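Step one of this worksheet: look at the structure below.
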Amino acid sequence: MTPVATDLFLRNAGVYGSEHPAGDQLDIRIRRGVLAEIGRNLSPTEQEIIIDASGLIAAPGFIDLHTHLREPGGEHSETIESGSHAAARGGFTRIFCMPNTMPTCDSTASVKQIIDRAREGSGVRVYPVASVTRGLSGEQLTDFGALQRAGAAAFSDDGKPVPDAEIMRFALECTRDIGSVIFDHCEDMSLTGEGVMHEGTVAYRLGLRGIPRASESTLVARDCELSMATGGRLHICHVSNMDSVEIIRFYKSRGAPVTAEVSPHHLVFSEDRVGDYDTNAKMKPPLCEEADRQALITALEDGTIDCIATDHAPHAPNLKADTFDRAPFGIIGMETAFPVLYTNFVATGRWTIEFLIERMTAAPARVMNRSQWCGMPMGTRPHIALLDVETEYEFAVDMLGSKSRNCPWLGSRLRGRSVLTIAAGHLAYIDRQRFPDLEEVTM
Ligand SMILES: [Zn+2]
């Protein structure tokens, strides 16, 4: 069922991303799903539902450029609907879904199917990313123009690289001509080989085959060079190590049209997390060393890496319960992105809340060249996450919207989470313990 739009009055929130100074205590009026007013000491009208937001932060809804929703073909792990519930719980209201489904999202019919299915979800906007090559084969390019007209928001073979440099060069020329962007999974499969984690002392001790940094960094270098040569927009996915960071920094300094993202797990974990063969520490690219993690944090802070993206990668429990060698790569991440980053970087005093919100909202909007997604523009259908950053809690299974459970933070003490998410003017998620009176308002 489609969530209904209502007249809402959010009272006394600390508002970020509006015209007012960041953090000001303000009221927000939403009339029939449209942002009508933000100001101090406003008066609610009779038909407005009042939401007491005292002590809460109202931020623009988060934007995730990198998710896997598994539909079609992997519905036991996730669906577009469950994925959009995971997003809403995490405060995300616009998400991009990668095309490595079964079949691959490489036709206009599959792009349209995702858009249609997303309409039945929580109100969260889902933007399909179409593949660069047919069936992710790395060989024959898809019809970029037709796919873009059908609604493809970007192009990627994520999960795999585009191995052939000439094909990548041509793809960048095509996306340049239509004003689109390639989301680049940088991995040289000949260097990855049979590797399952970062090639270093931990892999050696555990007797696991390693993936060298160069598996990522050599492709980052190649594709930055091709982006520079063609003028085609390149967005580097899930940057994981210090060498890639240095290469991106170099090409950005030379004016290459390159942007980059980093995942929460690469910002907070290093290879040690693999510990006793924990499959929830198995992902691609792999968790690297502490020095890499520090380089990623610095790169996000100085803008070398533009934004945060989760790489939300659901795998059904039976798949992740396999041995470390055989379990699939990836973890879910939309529900935990903000809590984990708040707890590790804002609560500790390293970042301001404003910085974290910016890297999860305006920064990804800039990557996609969508200024209309920034902030809280009046007269538009608002995207707002109402965040509780005061209460510490234990992250539990019932806080997941995803169908999968491959989350390394289950059982962790965290601070900061969305207690109410408004996506395009619809109530997409409500913490019912916090707002019991809102029961009958939604859905
Ligand atoms: Zn990837």
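Owing to the predicted nature of the structure, the values given are computational and were not obtained by experimental measurement. Note that ligands are numbered from 1 as they come in the structure, with each ligand's atoms numbered from 1 the same way.
Residues forming a side chain to side chain donor-acceptor pair (under 3.5 Å) with Glu358 (at least two apart in sequence, or on another chain): Arg366. A search for side chain to side chain donor-acceptor pair (under 3.5 Å) contacts involving Glu225 returns Tyr251, not counting sequence neighbours. Evaluation of the side chain to side chain donor-acceptor pair (under 3.5 Å) rule for Thr304 yields Arg249, Asp302 as partners, not counting sequence neighbours.
Ring geometry, His66 versus His238: the interplanar angle falls from 30° to 60°, so the pair is classed tilted.
The one candidate from Arg413, Arg417, Arg415 that meets the salt bridge (charged side-chain N to carboxylate O under 4.0 Å, His left out) condition with Glu392 is Arg413.
For the Zn ion (ligand 1), the tally of protein N/O/S atoms lying closer than 2.8 Å stands at 3.
Minimum interatomic distance between Arg222 and Asp164 (heavy atoms only, all atoms of both residues): NH1-C, 3.9 Å.
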